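A quick write-up on the structure given underneath.
Residues: numbered from 1 along the sequence shown. Note that the structure is a prediction, hence the values are computed from the model and not measured.
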Amino acid sequence: MPAEVAVSQGTVLYLDGVSVSFDGFKALNNLSLTLDPGELRCVIGPNGAGKTTMMDVITGKTRPDQGRAVFGEAADLTRMTEAQIAHAGIGRKFQKPTIFERLTVFENLELAMKADKQVRAALFAKLNPEEKDRISATLTLIGLQTSADRVAGLLSHGQKQWLEIGMLLVQEPKLLLLDEPVAGMSDQETERTAELFLSLAGTHSLLVVEHDMAFIESIARKVTVLHEGSVIAEGAMDKVKSDPRVIEVYLGR
């Protein structure tokens, strides 16, 4: 399995007829989706629509019963382990931030960058200038440059979310999966997160699953709507919002 996956042209991600069943319940039902390099895609839908299962398939946590999941030009995600998929360049952020609360912001980023090494070894290994620059640039990007020496547990909820996004960014992923990234954030933090995601698009491909419609509207280029494990609508936000099926199953609630 190649560590580097070529995603320069064509698509970053291609899901083709993916189905997943749990005890007879179809979590995904012939789901197909294509994501372009540098694209910022928003995925919305009611609870139980299959959004988390879709992310689980992309990251190798769940194996589909049928269909294909292709990353870059040729990497078949359904045949790779979770570790291989992460190494190939797919980073996932879960709803609840998973950071090292007792370490500083800087140390969290340092550990994430050396994620394939033992924690103890990683903290005692000297950073080279390039690694220091990468951490410094990431701190600026996520707005925590003045908090580098703060203990992570003392950060606000929003800052913890940004730190976790930074921990993914230092690993230089090609595709970022972000699950309800603004849940529990203040209005100001939500606004800052929107700016961050818009600044990442182009350099990274982002797949954002979120229920906060105001946030989605502030960042959306293209929106995919899932319902009962299938895509029921896709396109610009205005088009999706006026789709009768989307209003019926999701927006009308």
List in chain and number order the residues that pass side chain to side chain contact (heavy atoms under 4.5 Å, CB included) with [X], two or more places apart in sequence or in another chain; answer none if no residue qualifies.
X    : answer
A183 : Q95, E180
E82  : K61
L127 : F106, E110, M113, K114, E131, K132, I135
L163 : I99, V105, N108, L109, L144, A152, L155, M167

Residue pairs meeting side-chain hydrogen bond (donor to acceptor under 3.5 Å, both in side chains), one or both in residues 229-247, sequence neighbours left out, come to R41-E234, E217-K241, T224-E234

- [ ] Under 4.5 Å between side-chain heavy atoms, chaining through other members, with only Ile, Leu, Val, Met, Phe, Trp and Tyr counted: pull out the rest of the cluster around V151, sorted by chain and number.
- [x]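 Taking Ile, Leu, Val, Met, Phe, Trp and Tyr as members, V151 shares its hydrophobic cluster with L154.
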
[X]: what forms a side chain to side chain donor-acceptor pair (under 3.5 Å) with it, not counting sequence neighbours?
X    : value
S156 : Q159, E189
R92  : D56, T59
T146 : none

Sorted by chain and residue number, the ring pair (Phe, Tyr, Trp, His ring centres under 6.0 Å) partners of F197 (sequence neighbours excluded) come out as F215

Quiz: residues 13-31 side-chain donor-acceptor pairs under 3.5 angstrom, not counting sequence neighbours:
| residue | atom | partner | partner atom | Å |
| --- | --- | --- | --- | --- |
| S19 | OG | N30 | N | 2.8 |

Applying salt bridge (charged side-chain N to carboxylate O under 4.0 Å, His left out) to E191 and not counting sequence neighbours gives none

